[in-house]
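Residue numbers begin at 1 in each chain, while the letters A, B, ... track the order of the sequences.
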Protein chains: 2
Amino acid sequence: MPLKIGELARLSGCQVVTIRYYEKEGLLPQPERTSANYRLYDESDVERLHFIRRCRLHGMNLAEIRSLLAFKDHPTVSCAWINDLVDRHIADVERQIASLQHLKTHLEALRHTCAGDHVQGCGIIDTLDHGSPCACCHEEHCHLNELSAEAPKRKTKRNG
Amino acid sequence: MPLKIGELARLSGCQVVTIRYYEKEGLLPQPERTSANYRLYDESDVERLHFIRRCRLHGMNLAEIRSLLAFKDHPTVSCAWINDLVDRHIADVERQIASLQHLKTHLEALRHTCAGDHVQGCGIIDTLDHGSPCACCHEEHCHLNELSAEAPKRKTKRNG
DNA sequence: GTAGTGTCTATAGTAGCTATAGAGTCAAGC
DNA sequence: GCTTGACTCTATAGCTACTATAGACACTAC
């Protein structure tokens, strides 16, 4: 019993446009078509979409998912690279968490510079204007307090 | 001593194209021009760009920065909304951190399902295929283990 | 005059979708 | 047979915050 794209969307939790998009991006094979040119799917497509969604929810991008699907379809090499991929994702997530925690400290410091309800002289605006030595960055290199320190490298003869 | 766009870029730490982009987006005013149509800036533009960059580094989007700049240019209302804005950002960052920490737990569990170096039968692929009851989600609602449970709401008469 | 750099505008690309337009298809009800 | 409503089709544009490219013009040192 073949499925039309709307039924596949319902079963997989994806949207119709997303399914078409995945097809265009090569994550889903070109499906059969009815005489009216409607796409026809089956259970294996539901599972493939579940796989894709789980990968997306784990933060993988479409290129990575394409590789994983290719391995799944034709597992001809060692899967060691999949472990590397997941390891890199874990490291990346850790970096993001650290960066966000740092940002949070700054935002909280920023928040404390103003009690609100002024028309002029808002402490938050002042801090964004002139920067503030934030307690969390006294010793470490903090990109939130450095602006033009490192000018972009240029290779001119005249100004170099 | 007016600055050309390249000098402004160097002083502000922005790229030339980004400065033109900010102008197009209304974050920077239309600058004076030379007879050869070159943009001319001054110190106030350096400061404005520093302000913009600090906002960006604090995770604000261009629409928010536009509002902040408008307030800075013409502070006619109370700044209480700025505190709300920062509060919302803090809450948002906290949500992101929690979500990433959750994701990290899942990625680590995923990582442990395979020791690598197989050609077929990779545990990671299997887990992505079928999902896994992850220890971190036993009791709470976990979107990483739910896929098609909640079908998108539809308002048809025929299938509803 | 020429070489090397800088600047100009306009356009397209990035990721992963989402939204829209305009047309064709299908099934139920009259 | 006709209408209505839901569904499907393709193609295109939009989202964010830039980044990259092309082709033309400007400036300065030699």
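The pair Asp129(A)-Lys72(B) meets the salt-bridge criterion, since a charged nitrogen lies less than 4.0 angstrom from a carboxylate oxygen.
Arg111(A) contributes no side-chain N or O that, together with a main-chain N or O of Asp87(B), makes up a donor-acceptor pair within less than 3.5 Å. No donor-acceptor distance shorter than 3.5 angstrom exists from the side chain of Ser99(B) to the backbone of Arg95(B), with no hydrogens or angles considered. Between the side chain of Arg39(B) and the backbone N or O of Thr34(B) there is no donor-acceptor pair closer than 3.5 Å. Counting only distance, with no hydrogens or angles, the side chain of Thr18(B) and the backbone of Cys14(B) share no donor-acceptor pair below 3.5 Å.
We find the CG-NE2 distance between Asp45(A) and His50(A) to be 11.5 Å, quoted to the nearest 0.5 Å.
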(request) Assign a letter to each nucleotide of nucleotides 10-21 of chain C from its 5' end: B, base within under 4.0 Å of a protein heavy atom; S, sugar-phosphate only; -, no contact. (result) ------BBS---
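For the pair Ile5(A) CD1 and dT10(D) C1', the interatomic distance rounds to 12 Å; values are reported in whole Å. Atoms NZ (Lys4(B)) and P (dA26(D)) sit 13 Å apart, rounded to a whole Å. Atom CG in Leu8(A) sits about 15 Å away from atom C1' in dC7(D), given to the nearest Å. Distance Glu7(A) CD to dA6(D) C1': 13 Å, rounded to the nearest Å.
Side-chain contact between Val77(A) and Val119(B) is absent, with no heavy-atom pair separated by less than 4.5 Å.
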(request) Check the pair Asp73(B) / Arg48(B) against salt bridge (Lys or Arg N to Asp or Glu O under 4.0 Å), numbers first and verdict last. (result) CA-CA 11 Å; Asp73(B) 291 342; Arg48(B) 197 173 179 92; 3.1 Å; yes
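The only option from Leu62(B), Ile65(B), Leu69(B) that meets the side chain to side chain contact (heavy atoms under 4.5 Å, CB included) definition with Cys55(B) turns out to be Ile65(B).
For the residue pair His130(A)/Glu47(B), the side-chain donor-acceptor check at 3.5 Å is not satisfied.
Interface residues of residues 30-40 of chain B facing DNA chain C, ordered by number: Arg33(B), Asn37(B), Tyr38(B), Arg39(B); criterion, heavy-atom separation under 4.0 Å.
With axes fitted over five pairs at each extremity, the angle between the ends of the helix from dG1(C)-dC30(D) to dC30(C)-dG1(D) is 30° (10° resolution).
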